[in-house]
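So the structure is just underneath, and the comments pick up after that.
Just so you know, these numbers come straight off a predicted model, no measurement behind them.
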There are 2 protein chains.
Amino acid sequence: MSRGNTGVTSQVVNAHACPVREVLDRVAGKWSVLILVAAAHGPIRFTELERSIEGISRRMLTLTLRNLERDGLVTRTVHATVPPKVEYALTPVAQELHASLLGLTDWAERHRVTIAESRAAYDARHEPGHTDV
Amino acid sequence: MSRGNTGVTSQVVNAHACPVREVLDRVAGKWSVLILVAAAHGPIRFTELERSIEGISRRMLTLTLRNLERDGLVTRTVHATVPPKVEYALTPVAQELHASLLGLTDWAERHRVTIAESRAAYDARHEPGHTDV
DNA sequence: CAGCATCCTGAGAGATACTG
DNA sequence: CAGTATCTCTCAGGATGCTG
């Protein structure tokens with residue numbers, strides 16, 4: 001505050017220091033949350049995940065699971081049977097996260113319509129050939 | 001539930017239907033939340049934003065602001081003065097969102113250490129040349 | 001001051017095929 | 001069943017330069 005400004009102390013925000021961004025970097029991937037949701041009910045097998053999550057590829061399922069495992073959000077349990085059986089389960093930490101996400105879910109559902117309208121209006125305003133005002 | 005399975009009704013999760021993913025698509029961008037945070041204290045000018053947010057480029061600031069405006073999360077007020085003065089402010093909807101994000105912030109701060117450790121351990125396990133077990 | 005236009009790079013993600 | 005291995009492509013995001 002060494003320089004007299006407008007009065008609002010616009011404090012510096014650092015991307016690396018911001019905790020929200022940390023979570024997002026972890027969860028923002030297209031599939032991460034979907035996996036968290038699908039696994040929230042209890043341990044679930046690879047193929048079950050694959051079928052539960054609409055549109056996910058084998059590759060992305062594997063990659064995302066690996067990342068979640070790395071962060072300690074899911075556990076991977078291999079049952080040495082034939083055929084192989086691998087179960088994925090949320091860790092307590094991930095379950096807490098899942099709970100925190102409910103706040104966002106709630107927000108999304110309360111405002112999804114408003115936002116859609118806002119978009120439509122904005123797009124209309126900026127369409128090629130709007131008469132403005 | 002027409003097919004008898006393990007008992008866990010792994011319900012189908014659709015990326016387009018999942019409300020959490022909707023929010024994320026809106027907010028997951030590298031800069032969106034940072035702008036929300038920086039603007040949370042009150043109306044803020046373009047250049048103030050630029051300086052508040054460490055590392056953001058003019059281009060990304062503009063783009064992200066446009067998207068937020070499109071979704072009705074920020075308002076853009078142009079003061080017809082010389083030099084120009086443009087102020088961005090959060091809409092009530094965005095302020096609610098900002099509040100919901102506190103849950104995530106909290107989660108991140110409570111577990112950031114654990115997660116970092118988990119990563120380190122995982123990476124150690126998978127380093128080239130681990131003796132396993 | 002507050003942008004827009006342009007060029008460029010790389011990580012995320014899709015498609016496809018092969019295997020312990 | 002539960003993965004790995006490539007190959008490709010899109011697009012978010014960085015760098016830079018120009019303007020009302």
Nearest-nucleotide comparison on DNA chain C, the residue closer to the 5′ end among A/Met60 and A/Pro84: A/Met60

Span of DNA chain D, from the first to the last nucleotide whose atoms fall under 4.0 Å of chain A heavy atoms: D/dC1 to D/dT6

Spacing of B/Arg51 atom CZ relative to C/dC1 atom C1', expressed in whole Å: 11 Å

Any donor-acceptor pair under 3.5 Å from B/Trp107 side chain to A/Ala94 backbone: no

Presence of salt bridge, A/Arg119 and A/Asp123, under 4.0 angstrom: no

Spacing between B/Ile44 atom CD1 and C/dA2 atom C1', to the nearest angstrom: 14 Å

A/Leu34 CG to C/dG12 P, straight-line distance once rounded to whole Å: 17 Å

Short side-chain N/O contact from A/Arg58 to OP1 or OP2 of C/dG14, under 4.0 Å: no

Linked, directly or transitively: A/Leu49 and A/Val78 (ILVMFWY side chains, under 4.5 Å): yes

Trace of the side-chain contact (heavy atoms from CB on, under 4.5 Å) decision for A/Leu65 with A/Arg76: CA-CA 9 Å; A/Leu65 280 171; A/Arg76 178 170 177 271; over 6 Å; no

Closest non-hydrogen atom pair, A/Ser118 against B/Arg70: OG-O, 2.8 Å

Rounded distance in Å - CG (B/Leu61) to P (C/dC4): 11 Å

Between P of C/dG12 and CG of A/Leu63, the distance in whole Å: 10 Å

Nearest heavy atoms of B/Val20 and A/Thr105, plus distance in Å: CG2-OG1, 3.2 Å

Interatomic distance where NZ belongs to A/Lys85 and P belongs to C/dG20 [whole Å]: 24 Å

Integer-rounded Å distance: C/dC8 P and B/Arg59 CZ: 14 Å

Given DNA chain D, 5'-ward residue of the pair A/Leu65 and B/Trp31, judged by closest heavy atom: A/Leu65

Between P of C/dA13 and CG of B/Asp25, the distance in whole Å: 10 Å

Touch class at under 4.0 angstrom, heavy-atom based, for A/Thr62 against every strand present: base

A/Asp71 side-chain N/O to A/Leu73 backbone N/O, donor-acceptor pair under 3.5 Å: no

